[in-house]
Amino acid sequence: MYKLSLTLLAIILAFKCISADIPTRLLNNGQKIPIVGLGAGHVTEESVRSALEVGYRHIDTSLNYGDSEIIIGKVLKEVLKDGKIKRQDLYIVSKLETEYHTRSRVPEGIKKSLQRLDLDYLDLYLIHSPDSQPANITVGETWLGMIDVLKANLTRSIGVSNFNQKQLDEVIAKGVVPVTNQVICNPYVNERKLLAYADSHNVTLTAYSPVGGRAYPDLLKDPKLIEIGNKYKVSSAQVALRFEIQRGVIAIPNSQNPKYIKENIDVFGFKLTDEDIKAIEALNKKDS
Ligand SMILES: NC(=O)c1ccc[n+]([C@@H]2O[C@H](COP(=O)([O-])OP(=O)(O)OC[C@H]3O[C@@H](n4cnc5c(N)ncnc54)[C@H](OP(=O)(O)O)[C@@H]3O)[C@@H](O)[C@H]2O)c1
């Protein structure tokens with residue numbers, strides 16, 4: 001079973017490339033997402049420009065990431081105007097915040113993000129979190145609003161974030177399967193069970209904090225990740241990212257440092273062995 005799903009992943013990851021040569025992951029609606037994106041929790045105009053220059057096309061932001069959407073919108077306007085990059089080659093993701101969780105307010109939430117990004121449509125819109133669901137509003141109701149904005153072509157795909165299995169079931173029951181569930185995921189919290197569950201429902205996982213984030217600040221100092229990295233002459237961050245990619249998990253590392261931004265997308269020139277993967281899986285600290 002494990003072998004079969006690895007073979008399937010190899011096919012899915014057949015490294016079909018979009019313009020910037022970033023491998024893509026096939027989604028359940030037939031669309032493709034670049035498997036590495038820029039996490040834009042903290043960005044500057046320079047960091048967005050430098051990411052686009054080294055080949056990032058997928059950018060993950062949210063209405064509540066400060067000025068992130070506005071900064072991204074400004075840079076995208078420049079590059080689209082120059083004709084350096086075409087809109088269809090970009091993959092822009094944003095998220096619905098709690099105050100817009102009532103079905104009738106979801107269009108308002110996405111329109112606000114579109115206006116800040118200065119775009120006509122998103123590639124993917126996510127429910128940011130089910131945790132602070134307002135009283136009397138179920139995630140199922142919010143999902144109906146997400147389906148409304150999908151049908152209105154304000155976004156090409158819809159998905160969720162921070163959802164557990166039960167919450168995934170609740171939205172799937174509404175008739176449209178989310179294309180992804182964005183969750184914290186890295187070698188210390190590898191979400192193996194949630195990944196298997198999502199796989200069985202044709203939902204991808206997207207890893208946030210893939211190089212540790214604030215929750216696991218020591219991840220990149222892990223001796224095993226460093227040892228594996230030395231073998232391939234790559235950093236522990238590249239090992240952590242490659243681990244996700246080889247399991248078919250989309251990764252959205254954040255950095256404002258041009259060196260790290262470049263390094264985090266330069267993860268397609270080496271391949272972890274089954275033995276490496278087992279050793280990385282053994283680092284898991286939290287069973288979901
Ligand atoms: N859906 C959600 O609820 C949710 C929650 C959290 C995050 N996110 C998304 O996920 C993105 C990434 O998550 P995150 O920022 O929590 O964690 P992360 O990307 O795992 O970690 C970011 C930190 O790692 C450092 N770093 C990045 N690349 C590095 C490298 N190659 N070598 C050494 N250090 C490196 C960065 O340092 P420098 O800044 O100094 O470069 C920064 O301090 C966010 O930007 C956001 O888009 C989503």
Side-chain angles (χ1 to χ4, degrees), residues 33-44 46-48 50-51 54 56 58-69 71-72 91-98 101 113 117 122-133 139 158-164 167-168 178-191 194 198 203-222 225-226 228-229 232-245 249-267 270:
I33 182 170
I35 196 145
V36 177
L38 178 74
H42 303 277
V43 280
T44 58
E46 291 69 34
S47 69
V48 178
S50 97
V54 296
Y56 286 78
H58 166 185
I59 302 178
D60 177 89
T61 183
S62 182
L63 189 59
N64 79 354
Y65 292 168
D67 284 341
S68 170
E69 289 181 324
I71 291 168
I72 293 163
Y91 197 96
I92 308 299
V93 184
S94 195
K95 308 188 189 84
L96 180 80
E97 299 305 338
T98 314
H101 275 207
S113 287
L117 285 158
L122 291 178
D123 295 278
L124 173 59
Y125 197 46
L126 306 176
I127 299 180
H128 203 156
S129 173
D131 293 339
S132 44
Q133 205 63 21
V139 287
I158 50 174
V160 295
S161 177
N162 298 301
F163 272 43
N164 61 27
Q167 290 155 341
L168 275 178
V179 297
T180 200
N181 183 16
Q182 185 182 116
V183 292
I184 184 166
C185 190
N186 61 50
Y188 282 176
V189 48
N190 73 28
E191 291 291 5
L194 187 62
V203 178
T204 61
L205 277 200
T206 298
Y208 74 71
S209 304
V211 296
R214 255 188 290 174
Y216 299 95
D218 293 333
L219 177 72
L220 300 184
K221 292 185 209 133
D222 188 282
L225 296 182
I226 293 172
I228 295 173
Y232 300 105
K233 297 192 169 42
V234 297
S235 70
S236 52
Q238 288 169 305
V239 172
L241 294 167
R242 184 74 207 183
F243 171 66
E244 300 305 346
I245 291 164
V249 174
I250 301 145
I252 48 166
N254 173 251
S255 179
Q256 295 184 44
N257 176 333
K259 177 181 175 281
Y260 292 160
I261 290 173
K262 189 165 190 298
E263 182 177 304
N264 292 345
I265 208 161
D266 184 14
V267 288
F270 70 103

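Counting starts at 1 for both ligands and their atoms, in listed order.
Side chains of Glu69 and Ser113: a donor-acceptor N/O pair is present below 3.5 angstrom, by distance only. No side-chain donor-acceptor contact under 3.5 Å links Tyr208 and Asp60.
Remark: Gln256 pairs with no residue by the side-chain hydrogen bond (donor to acceptor under 3.5 Å, both in side chains) rule, at least two apart or across chains. His58 meets the side-chain hydrogen bond (donor to acceptor under 3.5 Å, both in side chains) test with no other residue; sequence neighbours excluded.
Near ligand 1, residues Gly39, Ala40, Gly41, Asp60, Tyr65, Lys95, His128, Ser161, Asn162, Gln182, Tyr208, Ser209, Pro210, Val211, Gly212, Gly213, Leu220, Ala237, Ile252, Pro253, Asn254, Ser255, Gln256, Asn257, Tyr260, Glu263, Asn264 come within 4.0 angstrom through at least one heavy atom.
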Identify all side-chain donor-acceptor contacts of residues 260-267 below 3.5 Å with residues at least two apart in sequence or on another chain.
residue, atom, partner, partner atom, Å
Glu263, OE2, Ser235, OG, 2.6
Asn264, ND2, Tyr260, O, 3.2

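When each of Ile59, Leu122, Ile71 is checked for a side-chain contact (heavy atoms from CB on, under 4.5 Å) with Leu117, only Leu122 meets the rule.
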